[in-house]
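Beneath this line is the structure, given in structure tokens, with notes to follow.
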Number of protein chains: 2
Amino acid sequence: MRKLGVQEIEDIALGAAVLGTGGGGDPHIGKLMALQAVQQYGPVDLIDVDQVPDDALIVPLAMMGAPTVLIEKIPNGDEFTRVFHALKQYLGKEVYATMPIEAGGVNSMIPVASAARLGIPLVDADGMGRAFPELQMVTFHLGGITATPMAMTDEKGNLIILSTVTNLWTEHLARSATVVMGGSAMIAIYPLTGAQAREWAIRGIVTRTEEIGRTLRLWGRRSGSVRSQAAALRRDLPPVVATMPGGVAGEECAGGASTGRRAGPGEVPEGDVVQALLALTAGYLLFRGKVVDVARRTVGGFARGEALLEGLDEFRGQSMRIHFQNENLIALCDGEVRATVPDLITVLDAETARPITTEGLRYGYRAVVVGMPCDSRWRTPRGLETVGPRYFGYDVDYIPIEQRMAGQRG
Amino acid sequence: MRKLGVQEIEDIALGAAVLGTGGGGDPHIGKLMALQAVQQYGPVDLIDVDQVPDDALIVPLAMMGAPTVLIEKIPNGDEFTRVFHALKQYLGKEVYATMPIEAGGVNSMIPVASAARLGIPLVDADGMGRAFPELQMVTFHLGGITATPMAMTDEKGNLIILSTVTNLWTEHLARSATVVMGGSAMIAIYPLTGAQAREWAIRGIVTRTEEIGRTLRLWGRRSGSVRSQAAALRRDLPPVVATMPGGVAGEECAGGASTGRRAGPGEVPEGDVVQALLALTAGYLLFRGKVVDVARRTVGGFARGEALLEGLDEFRGQSMRIHFQNENLIALCDGEVRATVPDLITVLDAETARPITTEGLRYGYRAVVVGMPCDSRWRTPRGLETVGPRYFGYDVDYIPIEQRMAGQRG
């Protein structure tokens with residue numbers, strides 16, 4: 001167990017934007033809620049999933065709906081406690097801890113704010129290892145764990161308890177209620193036991209998110225207020241690199257400090273931090289280029305579209321097309337698929353090291369595109385049926401990013 | 001207390017079609033469900049609202065959604081018990097009885113079927129005294145009684161419990177869930193105490209509905225299989241006329257046996273039964289004529305439209321226009337308003353004495369249009385705000401039908 005305070009929250013929020021893969025909602029508003037909650041109620045206890053007794057109940061909390069609405073309709077905090085207590089009362093059991101259902105985007109922060117307010121620990125795990133748009137897109141679903149009973153509430157005080165026959169019905173009914181509630185709602189969902197969480201949750205994801213955020217923060221600091229010390233700092237690779245798990249990938253990629261964009265006056269190359277990020281996430285540099293076209297339209301509540309990038313540096317002469325539906329779903333380099341959902345595709349601003357959401361993509365951005373392998377549960381038949389490229393309407397087979405990148409080089 | 005068996009159910013269903021004022025759903029399917037339930041579980045105890053102890057709980061049951069869907073998606077009976085027990089468990093209290101929320105249309109029958117299955121009495125009262133399309137359109141609402149907690153379920157087994165901040169929010173959220181559930185849902189709503197029911201429910205409406213149905217049945221019998229006995233039977237006014245409450249109106253109306261459509265071979269004039277109906281409901285004969293035009297369109301889930309009738313008999317040379325939105329809402333004779341919602345406007349087929357729904361209105365029908373005063377609670381400012389003509393979008397003041405008809409004659 002350790003404490004999550006202000007710095008940890010800042011880092012988790014930044015890391016969550018990476019795992020948001022362009023969607024999941026900008027964690028900024030969520031971060032403000034989490035910071036306010038820990039300032040008022042004290043830091044949050046982050047516990048390992050192994051610390052939760054077998055029969056003890058974990059109730060994940062999340063925001064459902066359009067993140068854009070959240071900005072105009074900021075929860076006042078009562079929603080957390082109302083929805084939590086409603087579900088607890090309906091279940092008729094004590095609740096041991098809360099947990100995120102998704103590590104990417106704004107829902108990385110909602111459970112932190114909730115844990116602080118409710119005075120319960122936060123479990124270092126989630127159900128996606130990234131962000132996804134629908135309620136059944138969690139590893140719990142793959143394990144046959146039902147989403148309901150779930151509770152949902154709005155800022156006005158309306159409260160709904162759902163008990164459905166399938167998790168897809170939960171999604172349908174809760175989605176429609178969210179729309180009526182004004183576009184966003186607070187939910188308590190997938191109540192699960194410690195034993196279930198140990199088997200089906202993605203472990204250690206909060207800590208990994210924090211490490212990702214810390215890595216980007218160091219880059220941000222260098223290219224920010226301490227630009228003049230850039231050269232000296234270049235030797236200090238972020239300390240997290242030494243402790244990262246699964247740090248075998250990345251070195252095969254074309255990207256690296258030596259091949260990065262050449263630094264202009266007062267800037268530092270981003271290469272070393274990108275390398276640290278890739279190592280930390282077992283990821284790949286997919287592309288480095290300039291956004292030259294973005295087409296988007298809102299279809300069925302999703303921000304659908306695609307972005308076109310023209311290569312820079314070692315990618316000069318090549319182009320990358322990214323298809324997105326809230327999240328980045330497919331990345332193609334000169335027409336060849338490099339990565340698809342459920343693997344993670346994230347676009348970073350090369351100037352600031354901040355992840356760019358699909359909503360935020362604009363002509364002229366110099367961007368670094370990274371691809372990261374998803375949790376292995378998503379690669380099972382049931383996982384791919386739930387979140388594979390075909391579920392999102394693309395006629396593309398899922399091939400793990402490791403194989404695609406190896407093939408591309410073979 | 002008395003028992004509701006097969007004949008009572010037949011009569012209530014027929015009367016409910018009159019109080020449905022063209023909408024509320026054809027009670028036919030509901031009647032089949034009620035008949036099946038009493039055949040399987042025995043007759044239902046109908047109790048007076050005064051027999052319910054002050055603190056005892058009444059849970060009304062109803063169907064929500066499009067009645068047309070009900071025909072294709074007939075409840076299998078589990079819905080009644082599931083939704084009832086879900087709400088009971090949520091409330092954590094025993095339930096003494098059930099009750100209709102509306103006397104008109106299919107929801108007259110749902111609580112009869114439910115009472116039989118659940119083995120609890122049916123209270124002889126409702127919350128509308130007719131049919132209305134939205135959940136807040138009940139006299140309970142005028143009394144500040146909240147619709148929630150309410151429960152709703154579908155035939156698949158999905159279950160929702162709602163707890164809302166206003167009854168309008170209940171309507172919005174439940175309506176949207178009904179759509180997702182496939183267009184119809186079974187609901188348990190407006191849990192209220194015996195004391196609340198005594199103050200706000202419309203008393204004796206089940207019995208009154210039955211009397212209306214019995215009156216029409218006698219007409220139907222005459223013009224049906226026993227047509228040859230028509231002349232002899234004409235002397236037998238339905239016995240109910242002698243016992244009806246408030247039977248002062250009607251005699252001033254233009255319509256009457258003597259002025260009715262002249263009987264052709266093998267037919268009987270409907271005048272005497274119409275007179276009995278008007279006396280029973282304190283109603284007025286608004287028109288007698290032939291349907292010459294019907295325009296309808298579906299707007300926002302409502303069957304909106306209007307029907308034009310050309311006068312027959314004493315109405316020859318006049319025309320009547322009826323505007324409807326599921327229910328008949330306004331009736332104008334030669335452009336002059338004769339009746340508006342919340343007063344009741346019902347169109348009867350002059351050949352069969354069966355009420356015609358707004359969906360069923362067809363060119364060529366010979367029809368009798370009757371207007372009946374609504375419960376006095378609907379005539380209060382809050383009542384008219386809830387169900388007056390302006391709520392339905394008509395720029396017409398509500399004037400009680402008694403005044404309109406007196407004025408028309410003055």
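Side-chain atoms are counted along with the backbone in the values below, which use heavy atoms only and exclude waters and symmetry mates. Chain identifiers are assigned alphabetically (A, B, ...) following the order of the sequence lines, protein sequences preceding nucleic acid strands; residue numbering begins at 1 within each chain.
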Residues Ile160(A), Ile160(B); criterion side chain to side chain contact (heavy atoms under 4.5 Å, CB included); working and verdict: CA-CA 7 Å; Ile160(A) 298 179; Ile160(B) 299 179; 3.6 Å; yes

Do chain B and chain A have donor-acceptor pairs under 3.5 Å, and which are they?
unit_1	atom_1	unit_2	atom_2	d
Asn158(B)	OD1	Val165(A)	N	2.8
Leu159(B)	N	Ser163(A)	O	2.7
Leu159(B)	O	Ser163(A)	N	2.8
Ile161(B)	N	Ile161(A)	O	2.7
Ile161(B)	O	Ile161(A)	N	2.7
Ser163(B)	N	Leu159(A)	O	2.7
Ser163(B)	O	Leu159(A)	N	2.7
Val165(B)	N	Asn158(A)	OD1	2.8
Ser176(B)	OG	Ser176(A)	OG	2.5

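Side-chain atoms of Leu159(B) and Leu162(A), non-hydrogen and from C-beta on, never get closer than 4.5 Å to each other.
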